[in-house]
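Quick note on labels: first sequence line is chain A, next is B, and so on, each numbered from 1.
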Amino acid sequence: METFVKKRSFISEARSPQKKIKLESDEGMEQDEEDEEFSHPVPWQKIEAEGLDCDYALLFSKEEADNLFKQLEEEVVYSTGEEAKVQVFGKVYDIPRKQATYGDAGLTYTYSRVTRLANSWTPTLEYIRDAVTKTTGRAFNFVLVNRYKDGQDHMGEHRDDEKELDPLCPIASISLGAPRDFIFRHRDARGKQSLRQIEPVKLELAHGSLLLMNSPTNTFWYHSLPVRKKSSLPRINLTFRRIVVDRKK
DNA sequence: TGGTTAGCAGACCC
DNA sequence: AGGGTCTGCTAACC
């Protein structure tokens with residue numbers, strides 16, 4: 001049975017998923033927003049299930065996505081050593097992909113018991129961040145970069161539920177490079193005697209695409225990027241987030 | 001207190 | 001026949 005979300009099935013109106021509100025401006029950012037800079041509005045596909053709310057769109061053309069991928073390959077510096085390891089069920093493993101963290105000065109992000117300090121934004125990451133902001137009306141102060149060198153690199157099921165994240169702000173996921181399957185599973189449909197039977201939601205994340213994961217998706221749904229042996233090319237994923245800044249000294 | 005961004009084994013399906 | 005995929009399990013630590 002094919003449970004993948006059909007491409008182009010019900011493309012909604014060509015407008016942003018959130019109303020064009022004025023940007024929640026962080027300090028001293030752009031004043032008057034030229035909506036026309038990223039000229040044509042993007043056609044969004046709504047992806048919904050019980051407790052799941054996502055918006056999917058092709059944000060960048062193939063040509064632009066190609067260039068962005070190339071630039072990121074030159075700019076991004078990935079973690080090594082202890083920061084490239086993860087501890088699960090008492091054992092330490094090498095993370096089966098590469099990771100990097102970028103964001104506003106001084107921000108930290110704790111992921112699976114390892115706290116990482118954000119590197120300062122690179123030009124390309126800033127450019128993509130601003131493109132995402134212009135098309136969504138959301139501001140982000142942090143991005144987690146994951147690089148999957150081929151179909152063997154992967155990420156297991158998890159939720160993005162770190163408590164330093166602003167729970168109401170969507171997470172914006174940009175995909176560049178090889179397309180990969182992306183799977184959602186409801187938390188009540190996991191385990192042997194799962195409480196309920198809920199079909200997973202599966203989609204393929206395309207080169208240049210943007211997936212917005214809106215609240216409360218990450219409360220109820222785990223997601224993963226499973227191994228795909230037939231995939232041989234690299235993929236870079238950027239997840240833009242809003243980290244709540246603790247204003248205490 | 002309870003959840004686990006990892007790998008692995010066994011079942012299933014081409 | 002066997003490789004790819006999917007699911008459930010893990011049993012230490014924070």
A:Arg159 CZ to B:dA6 C1', in whole Å, measures 17 Å
At under 4.0 Å between heavy atoms, what does A:Asn146 touch on the DNA or RNA strands: base, sugar-phosphate, or nothing? nothing
Please report the distance, rounded to the nearest Å, between NZ in A:Lys229 and C1' in C:dT5. 9 Å
Protein-to-nucleotide contact annotation, 5' to 3' order, nucleotides 9-14 of chain C [B base; S sugar-phosphate only; - none; under 4.0 Å, heavy atom]: SBBBBS
Taking the C1' atom of each, how far is B:dT4 from B:dC8, in whole Å? 16 Å
Listed range with range, the stems formed with DNA chain B by at least 3 consecutive Watson-Crick or G-U pairs (under 3.5 Å) are B:2-4 with C:12-14, B:6-14 with C:2-10
Please check if the side chain of A:Thr135 supplies one atom and the backbone of A:Ala131 the other of a donor-acceptor pair under 3.5 Å. no
Parallel, tilted or perpendicular: which fits the ring planes of A:Phe182 and A:Phe184, with parallel below 30° and perpendicular above 60°? perpendicular
Does A:Arg180 use its side chain to pair, donor to acceptor, with the backbone of A:Pro234 at less than 3.5 Å? no
Using the ring-ring contact (aromatic ring centres under 6.0 Å, His included) rule, collect all pairs that involve residues 62-88 of chain A, keeping only residues at least two apart or in two chains. none
If I take atom NE2 in residue A:His186 and atom C1' in nucleotide C:dT7, what distance separates them, rounded to the nearest angstrom? 18 Å
Pairs satisfying salt bridge (Lys or Arg N to Asp or Glu O under 4.0 Å), at least one member in residues 81-93 of chain A, at least two apart: A:Lys85-A:Asp94
Determine yes or no for a side-chain-to-main-chain donor-acceptor pair under 3.5 angstrom, with A:Arg242 supplying the side chain and A:Ala139 the backbone. yes
Quick one: do A:Lys70 and A:Asp66 make a salt bridge, cutoff under 4.0 Å? no
So, A:Arg228 and A:Glu204, do they make that salt bridge, N to O below 4.0 Å? no
Do side-chain atoms of A:Ser79 reach the backbone of A:Ala84 as a donor and acceptor pair under 3.5 angstrom? no
From C-beta outward on A:Lys230, which listed nucleotide comes closest to its side chain: B:dT4, B:dA6, C:dG4? C:dG4
Who passes side chain to side chain contact (heavy atoms under 4.5 Å, CB included) against A:Val86, sequence neighbours left out? A:Val88, A:Tyr93, A:Ile95, A:Ser112
Please report, rounded to the nearest Å, how far the P atom of B:dG3 is from the CZ atom of A:Arg187. 9 Å
A:Lys46 vs A:Asp53, salt bridge (charged side-chain N to carboxylate O under 4.0 Å, His left out): CA-CA, chis, key distance, verdict: CA-CA 8 Å; A:Lys46 194 60 157 169; A:Asp53 177 1; 2.6 Å; yes
Distance, rounded to the nearest Å, where A:Tyr148 contributes OH and B:dA6 contributes C1': 14 Å
Please state how far atom CG in A:Leu144 lies from atom P in B:dT5, giving the value in whole angstrom units. 13 Å
Nucleotide B:dT4, atom P - distance to CD of A:Glu162 in whole Å: 10 Å
Check: A:His207 side chain, A:Gly177 main-chain N or O, donor-acceptor pair, under 3.5 Å: yes
A:Arg185 side chain, from C-beta outward: closest of C:dT7, C:dG4, B:dT5: C:dT7
Contact class for A:Val92 vs. all strands (heavy atom < 4.0 Å): base, sugar-phosphate, or nothing? nothing
Check the distance between C:dG3's C1' and A:Gln152's CD and give it to me in whole angstrom. 12 Å
Nearest to the side chain of A:Met155, heavy atoms from C-beta on, is which of C:dC6, B:dT4, B:dT5? B:dT5
Polar pairs (N or O, both sides) under 3.5 Å between protein and nucleotides 7-10 of chain B?
unit_1: B:dG7; atom_1: OP2; unit_2: A:His154; atom_2: NE2; d: 2.8

Check if the side chain of A:Arg228 and the base of C:dT5 share a donor-acceptor pair of N or O atoms closer than 3.5 Å. no
For A:Tyr111, which contact category applies under a 4.0 Å heavy-atom criterion: base, sugar-phosphate, or nothing? base
